[in-house]
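Sequence lines set the chain letters: A, B, ... in the order given, protein chains first and strands last, and positions in each chain run from 1.
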Number of protein chains: 2
Amino acid sequence: MAHDADHHGLRPRSLDWLPDAIRERAPERRLGAGETLFRQGEHAAAIFGVAEGRVRLIRSAGSDRSVVLHTAQAGEFLAEAALFAGAYQCDAVAAVDSRVRVYSKRDLVAALRRDPDLAARFMAVLSQQLHALRTRLEERNIRSARERLLHHLALAAGPDGRTVRLAGTVMDLAADLGLTHEVVYRTLAALAKDGAIARPAADVIVLAAGAV
Amino acid sequence: MAHDADHHGLRPRSLDWLPDAIRERAPERRLGAGETLFRQGEHAAAIFGVAEGRVRLIRSAGSDRSVVLHTAQAGEFLAEAALFAGAYQCDAVAAVDSRVRVYSKRDLVAALRRDPDLAARFMAVLSQQLHALRTRLEERNIRSARERLLHHLALAAGPDGRTVRLAGTVMDLAADLGLTHEVVYRTLAALAKDGAIARPAADVIVLAAGAV
DNA sequence: CGAGTGATTGACTTAGATCAATGACCGTGG
DNA sequence: CCACGGTCATTGATCTAAGTCAATCACTCG
């Protein structure tokens, strides 16, 4: 099986809050690469969780250009916004062979309305995701690969504030950072040479005490 | 007065959902540049809306490095996540002289719990912001300035799918795109020369019909 | 054992950042 | 009323860090 795409401390899981009753009742649907899950304008009767693969949200209406809005990875939720709208606002197309769980919008909305604790948990998850996403965007504003990487590592550090355990591959890290993997390898090597980080193991990075 | 920082179609307003009763009762607080609004670990008794200026969320604990998590612009909400946590998770420091509205967390939580419609509206706002943010992040994954700009323009286009009215300055646009303003000017000029866009007015860009 | 994937480094190119300059425009205070 | 300072728009010249292409090695899995 492929890597679990949702390995990252910074990428919060989005499905934990779901009541078991609803989760267990959600059917699974398989999508071939390129297959459409839903289209803009369709009545929104469900939202989805990506179990495996990748699903793209695409806005094709309007201009000729079809624009990718988002690529949902395994473990992510898809189209939460449809919970509060009558129709989907964009198309969803599987980028590769994928599996999605289908959650009934009606059931979910009813549950959220009935159970304030559930609603609070959902709002909490949304807020946290929002915060995490803002942080990622802030990170992308850092132009220098070195600074960006250090920013990321400082945030990903464990409780001691220095030790980072890489949950995925360095290539995944590079993708998260919006850098090519070569640059990340090189920058890691340079940081290690400067003594700014140490790498006691392949999947562990330790920030030096005085690191800028 | 400075530019309204929240001019952008892609940057959803975050305060509209608030019940008037709470909004009107929220006191305003002025912050000098560098002044701290709250600190990590403090009991979270309020959340904030930035009325003017910029407030940074900073994580300083752990590593020596203090890391900027987010810079909230005027019009944005600050620390929604604190609604569902006992204590703030990071520091908030004014980047420039600023004004914030202070919303009582207790009141808000009570209102959300009491009024499912309000809760639904809040969830809708959070979902939309999440979606918008994902789109911005997706945009940042586009390396080429030309393609990134076209992506942005296609999304910012009005109902006809081709006409974009710039709400702010080109410099603001550049900041949104994560590019320098010089590159944006140049790229706009190049696109115009290629016939991919037209600029009938300073603040209007029209995408050509056959634009890739 | 061979195919596939990740880790790593080298060589080279280029797009975008940086530094710099100019002109338009706008408000403002003398 | 106009000179002045500030901001934005725009373009040129230059530099460099990051992207691209490429190769090698280690490892795992069937």
**Message:** Whole angstroms only, please: what is the CD-P distance between B/Glu147 and C/dA15?
**Reply:** 13 Å
**Item:** Value in whole Å for how far the P atom of D/dC27 lies from CG of A/Asp203
**Value:** 15 Å
**Item:** Distance in angstrom units between B/Leu191 CG and D/dT11 C1', rounded
**Value:** 16 Å
**Request:** Could you work out which one of D/dC21, D/dA18, C/dT18 sits closest to the side chain of A/Glu182?
**Result:** D/dC21
**Message:** For B/Phe38 and B/Tyr88, take the angle between the two ring planes, folded into 0 to 90°, and tell me which bin it lands in: parallel under 30, tilted 30 to 60, perpendicular over 60.
**Reply:** parallel
**Asked** Considering all heavy atoms of both residues, which atom of A/Arg23 and which atom of A/Leu18 are nearest to each other, and what is their separation?
**Response** NH2-O, 3.1 Å
**Prompt:** Between A/Tyr185 and C/dT9, does any side-chain N or O lie under 4.0 Å from OP1 or OP2?
**Reply:** no
**For atom CZ of A/Arg186 and atom P of C/dG10, their distance in whole Å** = 8 Å
**Item:** Distance-only donor-acceptor test, B/Arg143 side-chain atoms vs C/dG16 base atoms, 3.5 Å
**Value:** no
**Prompt:** Out of C/dA7, D/dA9, C/dA17, which nucleotide sits closest to the side chain of A/Thr169?
**Reply:** C/dA7
**Message:** Under 4.0 Å from OP1 or OP2 of C/dA17: is there any side-chain N or O of B/Thr180 that close?
**Reply:** yes
**Item:** Protein-nucleotide distance (A/Arg148, atom CZ; D/dA18, atom P), rounded to Å
**Value:** 8 Å
**Prompt:** Under a 4.5 Å cut-off applied to non-hydrogen side-chain atoms, are A/Glu28 and A/Val102 in contact?
**Reply:** no
**Item:** Atom pair distance, as rounded to whole Å: CE in A/Met171 and C1' in D/dA26
**Value:** 15 Å
**Separation of C/dT14 P from B/Arg146 CZ (nearest whole Å)** = 17 Å
**Complete:** Shortest non-hydrogen pair, A/Arg29 vs A/Thr36, comes out as NH2-O, 3.7 Å
**Asked** Going by distance alone, is a donor N or O of one side chain under 3.5 Å from an acceptor N or O of the other, for B/His151 and B/Glu138?
**Response** no
**Item:** 5' priority, DNA chain C, between A/Val170 and B/Val183 [closest heavy atom]
**Value:** A/Val170
**Request:** Compare the minimum distances between each of C/dG16, D/dT10, C/dA7 and the side chain of B/Arg199, then state the nucleotide with the smallest one.
**Result:** D/dT10
**Message:** Under 4.0 Å, heavy atoms only, any strand: does A/Ala202 hit a base, just the sugar-phosphate, or nothing?
**Reply:** nothing
**Asked** Rounding to a whole Å, what distance do you find between A/Ile205:CD1 and C/dA7:C1'?
**Response** 13 Å
